[in-house]
Amino acid sequence: MRSTRNSGLVSWGIFLGVTLILSALVWAGWSIIHRPSSADGTGQSNATVRIGVTDMPQSLDVRTTPSNAAERLMLDNVVETLLSVDQQNQVQPALATRWTTSGDGLTTTLTIRKNVTFSNGHTLDAADVVASLQQAVTNQVSGFEELGNLTSVTNPDSSTVVITLSQPNPTLLRALSGRLGMVFDAEANDPTIGSGPFTVADFQPGQSLTLHRNDAYYGTKAAAGTITVTQYADDTAVTQALNDGTIDMIAPASATAAASFADQSTFTVSKGNTTDKVLLAYNSDTDALPSDEQIRKALRYLIDAAGIASSQPDSAGALGGPISPLETGYEDLTGLFPHDVNQAADMFGYFSPEFLPGVNLVVSEQYRALAETIAQQISQVPRPQVNLEVLSQEEYDKRIQHGDWELTIISMSDSDGLGSFADPNSMFHYNNAQVQTLYAQARASTNEEDYAKNIAAYARAVSEDAASDWLYTKACFTVASTSVSGYPTALIDQRMPLVGVTKS
């Protein structure tokens with residue numbers, strides 16, 4: 001009897017042991033499949049994410065070299081700004097956690113984040129902010145005028161910066177979210193030393209950039225251990241690299257590159273909004289045909305802007321005015337000049353053949369197809385006849401600079417285009433006293449609410465007078481392997497924060 005019972009106990013013990021072992025194996029397998037990307041649950045990993053681009057800067061010094069590529073790679077990643085913007089282009093805290101602006105709009109006080117260090121170990125404080133802003137003005141960093149009429153920049157203590165202006169600047173906060181708001185170490189003369197979530201490990205000008213996670217970063221640590229960015233000669237080369245696994249993503253990708261991955265299940269194609277816009281620009285100089293208001297308006301009726309917007313692969317939607325949906329003061333102005341060939345023909349009919357013989361449409365090669373479409377649409381009426389010239393970039397730049405054009409197609413961003421129509425000396429040579437007054441009123445606004453209202457009135461007046469024909473807002477694209485996650489999809493033509501990007 002005892003031997004039988006002992007045998008049963010042994011069998012039961014073996015069963016329990018096997019069960020526990022199997023359970024442990026099952027749990028281990030489940031844990032491997034579902035574990036976070038790091039053992040401590042922070043979401044960090046040692047993964048290397050490889051990004052392909054077609055534009056790599058020759059220098060990472062965003063202070064002295066105006067380069068969209070350098071700005072896109074450095075801001076938010078290596079060098080941080082006083083303020084930042086989210087994926088909806090709304091201003092957000094960054095190195096400055098709080099800010100207040102006086103009622104007269106002349107004094108802005110910023111509270112600087114504490115316990116922040118640069119990648120060299122130096123403490124970042126208000127003195128570094130003051131030095132960075134002073135350097136931007138002294139060295140006349142590209143676009144430094146956006147800071148406004150500075151009277152002084154002071155730091156009454158280590159965590160406070162006071163900016164005083166002689167005139168209100170309602171876009172100061174937005175300026176501080178871009179290159180003008182970058183904060184560098186006042187004790188170091190190295191533009192790659194920043195306070196961001198990455199450090200520069202290697203840079204080959206015009207070829208590649210390697211970023212390593214900054215483990216001393218004060219905020220959420222970068223999800224990937226390493227980011228490599230490699231330049232490829234063209235769309236064909238970069239798409240081939242993604243297809244064969246040499247890189248993990250293309251960011252930003254052209255519309256052409258994005259389209260080639262549209263039906264591939266192992267890749268994700270993302271389309272995001274941006275502030276860039278494509279317009280048919282009018283030269284309103286006195287010797288040019290668009291100097292006449294009725295000619296400009298007739299052209300806007302004649303050209304099917306909505307149809308163009310829906311057919312262009314890089315379009316995020318029709319526009320109708322100089323402010324895009326992601327910018328302050330946006331209003332849908334697409335209904336001002338609905339496509340109406342008969343209306344256009346009637347308006348052109350007021351002019352004699354001698355006054356309306358033809359119009360020059362001058363474009364660079366990148367806009368050849370769109371220019372041909374516009375030329376065909378203008379040809380729906382007997383006059384004016386279109387003389388289309390497609391030039392090399394060098395010849396095109398010369399023609400535009402010399403003002404030897406009447407119509408052209410260009411892309412403009414929020415930072416370089418909004419005030420152009422209030423400046424008679426800009427490339428448009430557009431001169432309208434009412435528009436200039438409205439723009440001056442907008443710039444004199446002492447708070448963001450008034451600025452939004454006033455700049456919207458300016459944009460409407462510019463569009464109603466047909467200073468140009470704003471065709472569509474551009475989209476930006478990202479193509480990534482499905483193993484990659486955490487990347488931004490909007491505004492990546494301007495800035496591309498990589499802190500959340502990782503690979504499973």
Side-chain angles (χ1 to χ4, degrees), residues 53 55-85 91 94-96 108 110 112-113 116-150 152-155 161 163 165 169 171-211 214 217 229 231 413-416 491-498:
V53 299
D55 59 339
M56 177 63 65
Q58 293 294 327
S59 168
L60 296 180
D61 192 348
V62 186
R63 301 172 302 180
T64 59
T65 306
S67 165
N68 291 336
E71 192 169 336
R72 184 172 66 242
L73 294 172
M74 293 293 283
L75 264 62
D76 302 322
N77 297 318
V78 177
V79 180
E80 294 185 294
T81 47
L82 286 166
L83 303 173
S84 190
V85 295
V91 173
L95 289 175
T108 297
L110 303 161
I112 307 305
R113 190 181 299 274
V116 176
T117 59
F118 291 104
S119 58
N120 60 2
H122 293 178
T123 298
L124 185 156
D125 61 19
D128 296 296
V129 175
V130 171
S132 297
L133 288 171
Q134 290 175 339
Q135 187 180 63
V137 175
T138 301
N139 295 338
Q140 297 190 354
V141 170
S142 177
F144 78 97
E145 302 90 348
E146 294 174 31
L147 291 174
N149 297 295
L150 292 176
S152 65
V153 181
T154 60
N155 53 309
V161 171
I163 300 174
L165 309 174
N169 178 8
T171 59
L172 174 62
L173 296 178
R174 186 160 295 278
L176 296 178
S177 71
R179 71 164 64 224
L180 298 173
M182 298 183 299
V183 179
F184 297 95
D185 184 357
E187 300 175 21
N189 187 28
D190 187 342
T192 67
I193 292 176
S195 60
F198 292 98
T199 60
V200 175
D202 182 69
F203 175 60
Q204 301 298 319
Q207 299 179 44
S208 64
L209 171 67
T210 301
L211 303 176
N214 179 6
Y217 184 58
V229 185
Q231 174 168 305
S413 69
D414 58 342
S415 61
D416 64 9
L491 298 169
I492 63 167
D493 57 328
Q494 301 168 27
R495 60 200 306 157
M496 190 166 59
L498 300 170

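Between S59 and A70, the shortest heavy-atom distance links the atoms O-CB, 3.5 Å. For the pair N155 and A126, the tightest heavy-atom approach, listed with the atom from each and the gap, is CB-CB, 3.6 Å. When all heavy atoms of L73 and M56 are compared, the closest pair comes out as CD1-SD, 4.1 Å. Nearest heavy atoms, Q134 versus V153: NE2-O, 4.0 Å.
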Problem set entry | Worked check of side chain to side chain contact (heavy atoms under 4.5 Å, CB included) between R72 and D55 | CA-CA 11 Å; R72 184 172 66 242; D55 59 339; 2.8 Å; yes
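Every pair passing side-chain hydrogen bond (donor to acceptor under 3.5 Å, both in side chains) that includes a residue from residues 179-201 is listed here, sequence neighbours excluded: E71-R179, E80-S195, N120-D185, H122-D185, D190-T192.
Here the CE atom belonging to M74 is positioned 12.5 Å from the OG1 atom belonging to T81, to the nearest 0.5 angstrom. Atom-to-atom distance recorded for F203:CZ and L211:CG is 10.5 Å, nearest 0.5 angstrom.
Within the 4.5 Å cutoff, side-chain heavy atoms of V85 are placed close to those of R495. Side-chain contact between I193 and S119: present, with at least one pair of heavy atoms (C-beta onward) separated by less than 4.5 Å. The closest side-chain heavy-atom distance from I163 to L150 is below 4.5 Å. At least one side-chain heavy atom of S132 sits less than 4.5 Å from a side-chain heavy atom of V183. Proximity of N68 to Q494: side-chain heavy atoms (C-beta onward) are nowhere separated by under 4.5 Å. A heavy-atom distance below 4.5 Å is found between the side chains of I112 and L124.
Side-chain atoms of N77 come within 3.5 Å of backbone N or O of L498 as a donor-acceptor pair. Side-chain atoms of N169 never come within 3.5 Å of backbone atoms of N149 as a donor-acceptor pair (strictly under, hydrogens ignored). Between the E146 side chain and the A175 main chain, no donor and acceptor come within less than 3.5 Å of each other.
Put simply, the residue from L147, V161, T171, T108 that forms a side-chain contact (heavy atoms from CB on, under 4.5 Å) with L176 is L147. Checking L95, V91, D76, L75 one by one against S84, the side-chain contact (heavy atoms from CB on, under 4.5 Å) holds for a single residue, D76.
Residues forming a side chain to side chain contact (heavy atoms under 4.5 Å, CB included) with Q135 (at least two apart in sequence, or on another chain): R63, N139.
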